[in-house]
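All remarks here apply to the structure that follows.
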Amino acid sequence: MTRKLQAIQGQDGVVTMYCCGPTVYRDAHVGNLRTFLLADLLSRTLQMVGLEVRLVQNITDVGHMAEDFSDVDKILAESEKTKVDPFEIARSYESKFHQDLALLNIKAADSYPRASEKMNQMISAIEQLIATDHAYVGTDGSVYFDATSFPSYGALSGNRLDALKPGHRYEYSDDGGKKFHADWALWKLAGTRTQMIWDSPWGAGYPGWHIECSAMSIELLDSHVDLHVGGIDLRFPHHENERAQSNSITGNETVTTWVHGEHLLFEGRKMSKSAENVVLLHDVVERGLDPLALRFTLLENRYRSQMDLSWASIEAAHVTLKRWRQLLAECGTDLECKFDSEISSAFTSDLDTPRAMQRLRAIEKDPTIGALDKRGFFLFADQVLGLDLNRLPESRELPSECKELLLRRQKARSEKNWAESDALRKELDDLGIEISDGVDGQSWQWK
RNA sequence: GGUCGGAUGGCCGAGAGGCGAGGCAAGGGACUGCAAAUCCCUCUACACGGGUUCAAAUCCCGUUCCGACCUCCA
């Protein structure tokens, strides 16, 4: 634990990765997706250099479902309102999450364990922590982790236990049973809840948020995580607490490297409900933009810099993406990748995707590079970029109505009836067809 | 108050002490019936004050401003 850049190693050619999220009480917005993309880019880069990756990403479908300080469980509230089973609601958000990943070309993880299905593992993790005096049953009957029992608490986030003041912003009303303000709940008693609760040695209730990641990574990745990914806001308290729990259970430094993705802003402000600037992938698609144009834009910024997203930047990416695909199509059909050391080292240098993108722009313009090589370099980069650069321009069948319009325009042009020709161009444009007039007459393509 | 990041042209953004990243927008030109697309050209910056150095956007010190996290969050 150094808080410095370090090389990723893994064991026997296998790297174990764990990525936090999502919480399935609402749609994942593009900021959430940026973090999941980070895990994908890391995984693709490791595979590029010949390592095998085992990636686990948890689905938080219970226990950590409050969006603000109100402590209202979003799923239970929605269930109350719509009379739909809470697990059904969680599953529907979960399936939307998978759809979003697919649209962004994020490769599927090896497993997506659900918190609700790992109760036994969490309960036995908590039992172990109690047995080793890292946890205790509070005066309210809930179980808490004893922060002072873990000497290096704070090493990950840079916080010091003695500098962490009792939250002046608010305090959990149900955390009254703690001994120390920095302690956190491992198991919360059900109280008035009747749904999404489980039996445990301490009574019916539900797990605290942080314990699921410890329990799952220990079980599914054999007690060792080479690379742990999450958003910057999870560094504290979530990852700090997870580290304390996991290390207390395994007796080792469970996670070798923590990687945190920075926040995404939208048009200058942090994406949030109150700022009314939450953007979903669905919104991108609805504007007629390729979802991979979002991926493109995200790749043009370093993962650990705060980035300001805007519609203008996605639209610009959409155009460039189309141009690159066109370029590749013109350069043949060969599927051979061609190694480029600059691109490769950009990826392996702390995931410098902007530099890789810049290199591609240079290759695109370079007249001394032949078509086959150009194609090869782009395909090589696309292994990590995941932009479907080899996708052919859309070949959707032209409706007869449009064919008719095209013929009429051709005729108008031959008669130099420019007014008619321009009107028809506009009409076709509205139908999603882009016209260009060259020396060989008019040609068209889908926008 | 504690901890950690930032500040680069109209905008977004890379920058490895030493040949002005790149993109978007804008303007001009080529091409075009006119457009679109494409190509060419143009404009141009390192928050402020010191210091180190032959040489600083880059390293050091100070100042100002902005942001993030400090028990909700990707």
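Proteins get letters first, then strands, A, B, ... in listed order; numbering begins at 1 in each.
Across all strands, Gly261(A) comes closer than 4.0 Å to no nucleic acid atom at all (heavy-atom distances). Across all strands shown, Ser421(A) has heavy atoms under 4.0 Å from base atoms, whether or not it also approaches the sugar-phosphate. His260(A) comes within 4.0 angstrom of nothing in the nucleic acid, heavy atoms only. Among the heavy atoms of the strands, none lies under 4.0 Å from Leu33(A). Within 4.0 Å of Asp422(A), counting heavy atoms only, lies at least one base atom of the nucleic acid. Within 4.0 Å (heavy atoms only), Ser436(A) reaches at least one base atom of the nucleic acid. At a threshold of 4.0 angstrom between heavy atoms, the contacts of Ile435(A) include nucleobase atoms, whether or not backbone atoms are also involved. Gln306(A) comes within 4.0 angstrom of the backbone, heavy atoms only, and of no base.
Here the P atom of nucleotide G33(B) and the NZ atom of Lys416(A) are 7 Å apart, to the nearest Å. To the nearest angstrom, P of G2(B) lies 19 Å from CD of Glu240(A). One atom, CG of Asn159(A), and another, P of A68(B), lie 16 Å apart when rounded to the nearest Å. Distance His228(A) NE2 to A74(B) P: 14 Å, rounded to the nearest Å. Computed from coordinates, the Glu262(A) CD to C12(B) P distance equals 17 Å when rounded to whole Å. To the nearest angstrom, C1' of A74(B) lies 10 Å from CD of Gln57(A). One atom, NE2 of His318(A), and another, P of A37(B), lie 13 Å apart when rounded to the nearest Å. One can place CD of Gln410(A) at 16 Å from C1' of G33(B), the figure rounded to the nearest angstrom.
Side-chain atoms of Glu78(A) do not come within 3.5 Å of backbone N or O of Pro86(A) as any donor-acceptor pair. Between the side chain of Arg235(A) and the backbone N or O of His260(A), no donor-acceptor pair lies under 3.5 Å.
In the region residues 345-375 of chain A, proximity to RNA chain B at under 4.0 angstrom, judged on heavy atoms, holds for Gln358(A), Arg361(A), Lys365(A).
Of the N and O atoms on the side chains of Ser246(A) and Ser214(A), at least one donor lies less than 3.5 Å from an acceptor on the other residue. Counting only N and O atoms by type, the side chains of Asn390(A) and Asp382(A) include no donor and acceptor under 3.5 Å apart. In summary, the side chains of Asp73(A) and Tyr25(A) do not present any donor paired with an acceptor at a separation below 3.5 Å, with no hydrogens or angles considered. In summary, the side chains of Glu240(A) and Asn159(A) do not present any donor paired with an acceptor at a separation below 3.5 Å, with no hydrogens or angles considered. Side-chain contact check for Arg409(A) and Gln442(A): at least one donor-acceptor pair (N or O, by modelled atom type) lies under 3.5 Å. A donor atom on one side chain and an acceptor atom on the other are not found under 3.5 Å apart for Tyr93(A) and Asp61(A).
When each of A14(B), C69(B), U38(B) is scored by its nearest atom to the side-chain atoms of Phe236(A), the top-ranked nucleotide is C69(B). When distances are taken from the side chain of Asp437(A) to each of U71(B), A74(B), C34(B), the shortest belongs to C34(B). Checking C12(B), C69(B), U71(B) against every side-chain atom of Asp308(A), the shortest atom distance belongs to C12(B).
When Watson-Crick and G-U wobble pairs are counted only if both distances are under 3.5 Å, A36(B) pairs with no nucleotide at all. Remark: C48(B) base-pairs with G62(B). Criterion, Watson-Crick or G-U wobble with two distances under 3.5 Å. Figure legend. G9(B) is base-paired to no nucleotide; pairs are counted as Watson-Crick or G-U wobble with both atom distances under 3.5 Å. Under the Watson-Crick or G-U wobble criterion, with both distances below 3.5 Å, A26(B) is paired with U42(B). Pair assignment for U71(B) gives none, since no Watson-Crick or G-U wobble pairing has each distance under 3.5 Å. Nucleotide A16(B) forms no Watson-Crick or G-U wobble pair with any nucleotide shown, as no partner meets the under 3.5 Å limit on both distances.
Nucleotides G9(B) and U44(B) have their P atoms positioned 14 Å apart, rounded to a whole Å. Distance check on atom C1': C24(B) versus A14(B) gives 15 Å, rounded to whole Å. Distance noted for atom P between A56(B) and C48(B): 15 Å (whole Å). Taking atom P in both C12(B) and C41(B), the straight-line distance is 26 Å, to the nearest Å. C31(B) and A37(B): their C1' atoms are spaced 11 Å apart (whole Å). Rounded to whole Å, the P atom of G17(B) lies 11 Å from the corresponding atom of C60(B). U38(B) and A16(B): their C1' atoms are spaced 34 Å apart (whole Å). On the P atoms, A7(B) is 10 Å away from G15(B), given to the nearest whole Å.
Along RNA chain B, the nucleotide nearest Glu300(A) and the nucleotide nearest His29(A) are compared for position; the residue whose nucleotide lies closer to the 5' end is Glu300(A). Projected onto RNA chain B by closest heavy-atom contact, Tyr153(A) and Val30(A) fall at different nucleotides, the more 5' of which corresponds to Tyr153(A).
Counting non-hydrogen atoms of other residues, nucleotides and ligands closer than 6.0 Å to CD of Glu80(A) gives a total of 12 or fewer.
A distance of 6.0 Å or more separates the ring centres of Phe145(A) and His210(A).
Donor-acceptor pairing under 3.5 Å, judged by distance alone, is present between the side chain of Arg425(A) and the base of C34(B). At a cut-off of 3.5 angstrom, the base of U71(B) holds no donor-acceptor pair with the side chain of His238(A).
In this structure, CZ in Phe150(A) is found 11.0 Å from CG in Leu129(A), a value given to the nearest 0.5 Å.
Close to A14(B), at under 4.0 Å from its OP1 or OP2, lies no side-chain N or O of Arg304(A). Taking only side-chain nitrogens and oxygens, Ser157(A) never comes nearer than 4.0 Å to OP1 or OP2 of U3(B).
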